[in-house]
Amino acid sequence: MKFDEWLTNIPIQTTPSGARLDLRLYVYPDGHGNFLVEDESGKARMPGQPVNDPAEARDVLEKIWNRAMGVKVTAAPTLPSRTLAERLGDLIGSVPELPPDMAENHDHYLHGAPKQ
């Protein structure tokens, strides 16, 4: 696969804060290497892209970086904030047979501390 085709097929994921790409570079003693795009489990998602020298590897990284910088990030939907009492409103007061001063003296009832 030619480099430009490989580059356009890289699956870059968008997140609420940016772009995510799991990329691995293998470098061998004789000076060549291979870029691999991986999934979350570390398995290759597509065939690797060979590189033959450090200048070529820098070029590959720069092009991947520039492509990732061009990804449009969509903001996560914001939910209206609710207080804890609003979120737990259905539960408040739903436990039967508690002492009337349970909230004020919960340490007494749970741990045996003196009542306040």
Side-chain angles (χ1 to χ4, degrees):
M1 178 181 303
K2 294 189 177 225
F3 171 68
D4 290 334
E5 182 183 350
W6 180 83
L7 181 64
T8 57
N9 286 320
I10 292 175
I12 297 178
Q13 301 170 348
T14 59
T15 67
S17 57
R20 176 186 169 134
L21 170 67
D22 295 312
L23 185 68
R24 184 172 294 212
L25 170 62
Y26 291 95
V27 179
Y28 302 100
D30 66 358
H32 79 284
N34 197 16
F35 279 105
L36 287 174
V37 177
E38 299 179 342
D39 61 15
E40 293 80 18
S41 67
K43 294 181 182 177
R45 293 185 71 167
M46 55 193 292
Q49 174 65 36
V51 291
N52 296 313
D53 61 55
E56 186 179 5
R58 282 190 295 273
D59 184 49
V60 170
L61 286 173
E62 182 179 2
K63 288 182 179 182
I64 291 171
W65 180 272
N66 291 336
R67 181 160 174 251
M69 293 300 288
V71 170
K72 301 287 184 213
V73 177
T74 56
T78 57
L79 300 174
S81 59
R82 300 184 325 172
T83 66
L84 184 60
E86 290 170 336
R87 287 183 275 165
L88 299 177
D90 294 341
L91 298 174
I92 294 173
S94 65
V95 180
E97 302 177 16
L98 289 178
D101 62 344
M102 180 68 183
E104 183 178 303
N105 290 300
H106 67 277
D107 283 339
H108 168 72
Y109 292 108
L110 292 176
H111 309 292
K115 281 189 172 187
Q116 292 184 350

Checklist entry - Does any pair with a residue in residues 17-29 pass salt bridge (charged side-chain N to carboxylate O under 4.0 Å, His left out), and if so which ones, sequence neighbours excluded? => result Arg20-Asp22, Arg24-Glu38

Next on the checklist: side chain to side chain contact (heavy atoms under 4.5 Å, CB included) for Tyr109 and Lys115? Distances and angles first, verdict last.
Outcome noted: CA-CA 9 Å; Tyr109 292 108; Lys115 281 189 172 187; 3.2 Å; yes

Next on the checklist: According to side chain to side chain contact (heavy atoms under 4.5 Å, CB included), who are the partners of Ala103, at least two apart in sequence or on a separate chain?
Outcome noted: none

Checklist entry - Considering residues, nucleotides and ligands other than Asp90, do more than 12 of their heavy atoms fall under 6.0 Å from its CG? => result no

Next on the checklist: Could you measure the distance from the CD1 atom of Ile10 to the CG atom of Leu21? Nearest 0.5 Å is fine.
Outcome noted: 6.0 Å

Checklist entry - Do Met46 and Leu25 share a hydrophobic cluster, counting only Ile, Leu, Val, Met, Phe, Trp and Tyr and linking them when any side-chain heavy atoms are less than 4.5 Å apart? => result yes

Item to check | Atom pair CD/CD of Glu5 and Gln49 - distance to nearest 0.5 Å | outcome: 10.0 Å

Item to check | Sidechain-backbone polar pair: Glu86 side chain, Thr83 backbone, donor-acceptor under 3.5 Å | outcome: yes

Next on the checklist: Has Asp101 got a side-chain atom pairing as donor or acceptor with Glu104's backbone, closer than 3.5 angstrom?
Outcome noted: no

Checklist entry - Linking I/L/V/M/F/W/Y whenever any side-chain heavy atoms sit under 4.5 Å apart, do Leu61 and Ile12 land together? => result yes

Next on the checklist: Please report the interatomic distance NE2(His111) to CG(Asn105), rounded to the nearest 0.5 Å.
Outcome noted: 12.5 Å

Checklist entry - Cluster question for you: counting only ILVMFWY and a side-chain heavy-atom cut-off of under 4.5 Å, with indirect links fine, are Trp65 and Val60 together? => result no

Checklist outcome for this item: When every non-hydrogen atom of Ala85 is compared with those of Ile92, the smallest separation belongs to O-CD1, 3.9 Å

Item to check | Closest approach of Leu36 to Gly48 (non-hydrogen atoms, all atoms of both residues) | outcome: CD2-CA, 3.3 Å

Checklist outcome for this item: Contacts of Leu91 meeting side chain to side chain contact (heavy atoms under 4.5 Å, CB included) (sequence neighbours excluded), chain-then-number -> Leu88, Ser94

Checklist outcome for this item: d(Gln116 CD, His108 NE2) to nearest 0.5 Å is 11.0 Å

Next on the checklist: Between Val51 and Asp59, does the side chain to side chain contact (heavy atoms under 4.5 Å, CB included) criterion hold? Intermediate values first, please.
Outcome noted: CA-CA 10 Å; Val51 291; Asp59 184 49; over 6 Å; no

